[in-house]
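First up is the structure itself, then whatever we jot down about it.
Order of the sequence lines fixes the chain letters, A, B, ..., with proteins taken first and strands second; residue numbering starts at 1 for each chain.
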2 protein chains.
Amino acid sequence: MELDNTELLSHKKINSCIPDSKITQYQKGDFIFQAGAPGKNIYLLNKGRIKLYRLAPAGKKVTQWFCFPGEVFGLAELPSKKERTIYAQCCESCEVSEIPLNQFRDLLSSSPDIALQVIEQLTMRLKIVGDTLLNFTADDSRSRIIKLLVRLNTRFGVSHNNRRLIDVALTHKELADMIGACRQTVTTILGDLKREGKIEFINHRISFRSPAALEALIDQRG
Amino acid sequence: MELDNTELLSHKKINSCIPDSKITQYQKGDFIFQAGAPGKNIYLLNKGRIKLYRLAPAGKKVTQWFCFPGEVFGLAELPSKKERTIYAQCCESCEVSEIPLNQFRDLLSSSPDIALQVIEQLTMRLKIVGDTLLNFTADDSRSRIIKLLVRLNTRFGVSHNNRRLIDVALTHKELADMIGACRQTVTTILGDLKREGKIEFINHRISFRSPAALEALIDQRG
DNA sequence: ACTGTTTTGTCGTGTACACGACATTATTTA
DNA sequence: TAAATAATGTCGTGTACACGACAAAACAGT
């Protein structure tokens with residue numbers, strides 16, 4: 001299982017201009033860091049997409065965040081100085097700037113502008129994770145999927161034949177993991193929605209009339 | 001229903017020294033702000049305890065955070081400038097400093113130290129909300145309660161008769177809301193734990209041998 | 001083109017837990 | 001100290017959904 005609070009991410013991007021940073025290229029599937037690692041660095045994503053997730057003992061995943069260019073990650077250990085609890089894995093080839101924690105601190109002190117952007121990024125994420133949490137307790141699987149699609153639309157949606165198309169290929173497993181459901185449930189619900197004529201599939205990408213039309217499907221309870 | 005990610009909060013407190021801030025006293029039950037309000041201010045809690053929560057349409061609550069003295073709140077609207085989605089309600093009588101958003105921005109620019117503390121607070125919260133999210137998908141009610149007790153212990157735990165005592169009076173409803181369960185389930189599970197001799201009640205406060213002893217009760221599944 | 005692997009679709013079956021309904025006991029408030 | 005309100009304890013009953021099992025389809029590698 002895998003969660004994703006990621007869809008709507010901060011619109012505040014930091015330009016890839018961290019001075020004296022070490023820049024590294026990664027391949028799809030590579031880990032920037034894994035849970036258990038010491039965690040002495042802060043990262044800025046320049047290019048690509050990175051999935052930040054946790055792993056429960058039973059092997060369930062919780063995708064905390066999808067990082068996009070301009071976003072800082074690996075901050076969680078800033079206060080605690082403990083080891084990482086999160087996995088950071090590349091979804092595609094990525095370029096990442098990396099600086100040590102204390103250097104990052106200095107940077108923030110000397111660049112109030114960057115500090116403010118970091119604060120805005122964090123704030124935004126906190127809000128979205130909060131939304132997700134609410135979503136979890138309040139909604140059933142169907143509503144969760146619908147809301148997920150709406151959120152995905154705001155990040156990956158493109159216009160296509162006078163409709164909206166979520167322009168990212170995602171498997172049912174991935175979708176399931178984003179909303180804390182099991183794969184079969186997602187398959188069934190997606191099948192229902194398709195049968196109802198609410199969504200269409202264009203090679204693993206989901207298309208629908210409009211976000212509003214989708215939202216109208218959310219039952220009263222949620 | 002009501003969630004709480006609050007238990008372990010940032011250890012970074014900001015001294016109540018925001019210049020030119022308006023200081024207000026509140027009574028228990030008062031709202032500092034409610035969802036739907038414009039949200040042009042940032043707050044710093046000087047004294048008391050504040051519950052930050054969301055409300056789902058069906059009336060379910062999700063407690064996002066318990067604010068303690070030295071913590072900043074009301075930030076979520078910093079980037080979006082939209083209306084608030086959160087309720088901030090006093091759990092007891094509180095003293096709160098309040099400054100307008102842009103003044104807060106200026107403050108951050110001129111005081112990198114405060115900016116850093118804010119970043120650390122946010123980071124800490126993000127981590128905890130993430131934990132909660134994982135907790136939600138991976139654990140059943142019993143494990144959620146046990147883990148909640150462990151977390152509560154780190155914040156409110158005191159030593160008492162060579163045992164740990166969570167020194168806050170919480171109703172079953174409140175506990176239920178913290179873990180996204182219904183009240184009856186909490187009553188039952190707490191009853192089980194008591195019958196098993198794992199916990200005791202000392203006027204609405206929960207006591208147990210040790211956090212480790214509690215954690216041992218978490219079943220293998222995770 | 002052939003074969004292994006991943007993804008999708010569709011069944012049951014089992015179960016955790018929400019929800020309503022009460023009775024009982026605390027805790028406020030008048 | 002009575003009356004009202006809130007908190008607890010304990011029942012069913014219903015249901016959403018996880019999980020296992022498998023078949024079919026799509027995709028990838030050689």
Side-chain angles (χ1 to χ4, degrees), chain A residues 1-3 28-29 56-62 91 134-148 168-196 199-206 218-222, chain B residues 1-3 27-29 56-62 91-92 135-146 148 168-196 199-206 218-222:
Chain A
M1 217 177 278
E2 185 179 327
L3 283 177
K28 175 179 178 176
K60 298 191 175 190
K61 266 192 203 171
V62 176
C91 302
L134 181 63
N135 195 219
F136 258 75
T137 35
D139 300 323
D140 64 5
S141 303
R142 183 174 223 257
S143 300
R144 294 219 294 276
I145 289 184
I146 293 167
K147 289 186 180 175
L148 174 64
V168 187
L170 293 162
T171 69
H172 293 182
K173 174 78 172 69
E174 284 179 307
L175 291 168
D177 292 345
M178 289 178 194
I179 57 159
C182 73
R183 192 226 95 217
Q184 294 96 316
T185 302
V186 171
T187 300
T188 305
I189 293 172
L190 246 31
D192 291 347
L193 290 173
K194 182 179 177 169
R195 234 166 285 120
E196 294 167 25
I199 61 172
E200 278 172 39
F201 297 102
I202 302 175
N203 61 293
H204 288 228
R205 287 154 30 252
I206 296 172
I218 297 170
D219 66 64
Q220 310 312 25
R221 284 169 300 157
Chain B
M1 217 177 274
E2 185 179 325
L3 281 178
Q27 297 298 311
K28 175 179 177 174
K60 298 190 175 190
K61 266 191 202 172
V62 175
C91 302
E92 50 195 72
N135 195 220
F136 257 76
T137 36
D139 300 323
D140 64 4
S141 302
R142 185 173 220 257
S143 299
R144 294 219 295 276
I145 289 184
I146 292 167
L148 174 64
V168 186
L170 293 162
T171 69
H172 293 183
K173 175 78 171 69
E174 284 179 305
L175 290 168
D177 293 344
M178 289 178 196
I179 57 158
C182 74
R183 193 226 93 218
Q184 294 95 316
T185 301
V186 171
T187 301
T188 305
I189 293 173
L190 246 31
D192 290 348
L193 290 173
K194 183 179 177 168
R195 233 165 286 121
E196 293 167 26
I199 61 171
E200 280 172 38
F201 297 103
I202 303 173
N203 61 295
H204 288 227
R205 288 156 26 254
I206 296 171
I218 298 170
D219 67 63
Q220 310 311 27
R221 283 168 302 160

Does B:T185 place a side-chain N or O at less than 4.0 Å from the phosphate oxygens OP1/OP2 of C:dA18? yes
Protein-nucleotide distance (B:E174, atom CD; D:dA6, atom C1'), rounded to Å: 12 Å
Distance check needed: D:dC17 P versus A:D139 CG, whole Å only. 10 Å
Output the rounded distance in Å from CG (B:N203) to P (C:dT27). 8 Å
Using whole Å, what does the distance between atom P of nucleotide D:dA7 and atom CG of B:L175 come to? 12 Å
Length of the NZ-P vector between A:K173 and D:dC19, whole Å: 10 Å
Provide, to the nearest angstrom, the distance between the CG atom belonging to B:D192 and the C1' atom belonging to D:dT10. 11 Å
When all nucleic acid strands are considered with a 4.0 Å heavy-atom cut-off, which category describes B:R195: base, sugar-phosphate, or nothing? sugar-phosphate
Flag the pair B:I145 / B:T185 as yes when at least one side-chain heavy-atom distance between them is below 4.5 Å, and no otherwise. no
With nearest nucleotides of DNA chain D determined for A:I189 and B:G191 from heavy-atom distances, which residue corresponds to the more 5′ nucleotide? B:G191
Could you state the CZ-P distance from A:F201 to D:dC27, rounded to the nearest angstrom? 13 Å
Parallel, tilted or perpendicular: rings of A:H172 and A:F201 (30°, 60°): tilted
Under 3.5 Å donor-acceptor pair, A:Q184 side-chain atoms to C:dG9 base atoms: no
Mind checking if B:T187 touches a base, just sugar-phosphate, or nothing, with heavy atoms under 4.0 Å? base
What's the closest nucleotide to the B:D140 side chain, out of C:dC17, D:dA7, C:dT10? C:dC17
Phosphate OP1/OP2 of D:dC17 contacted by A:R183 side-chain N/O (<4.0 Å): no
Given D:dT10, D:dA18, C:dT7, which nucleotide is nearest the side-chain atoms of A:T171? C:dT7
What is the distance from NE2 of A:H172 to P of C:dT10, rounded to the nearest Å? 11 Å
With a 4.5 Å limit on heavy-atom distance, are the side chains of B:M178 and B:L170 in contact? yes
The side chain of B:H204 lies closest to which of these nucleotides: D:dA16, C:dG9, D:dA7? D:dA7
For the pair B:R144 (side chain) and B:D139 (backbone), establish whether a donor and an acceptor sit closer than 3.5 Å, ignoring hydrogens and angles. yes
Determine, for B:R195 against B:E200, whether the closest basic-nitrogen to carboxylate-oxygen distance falls under 4.0 angstrom. no
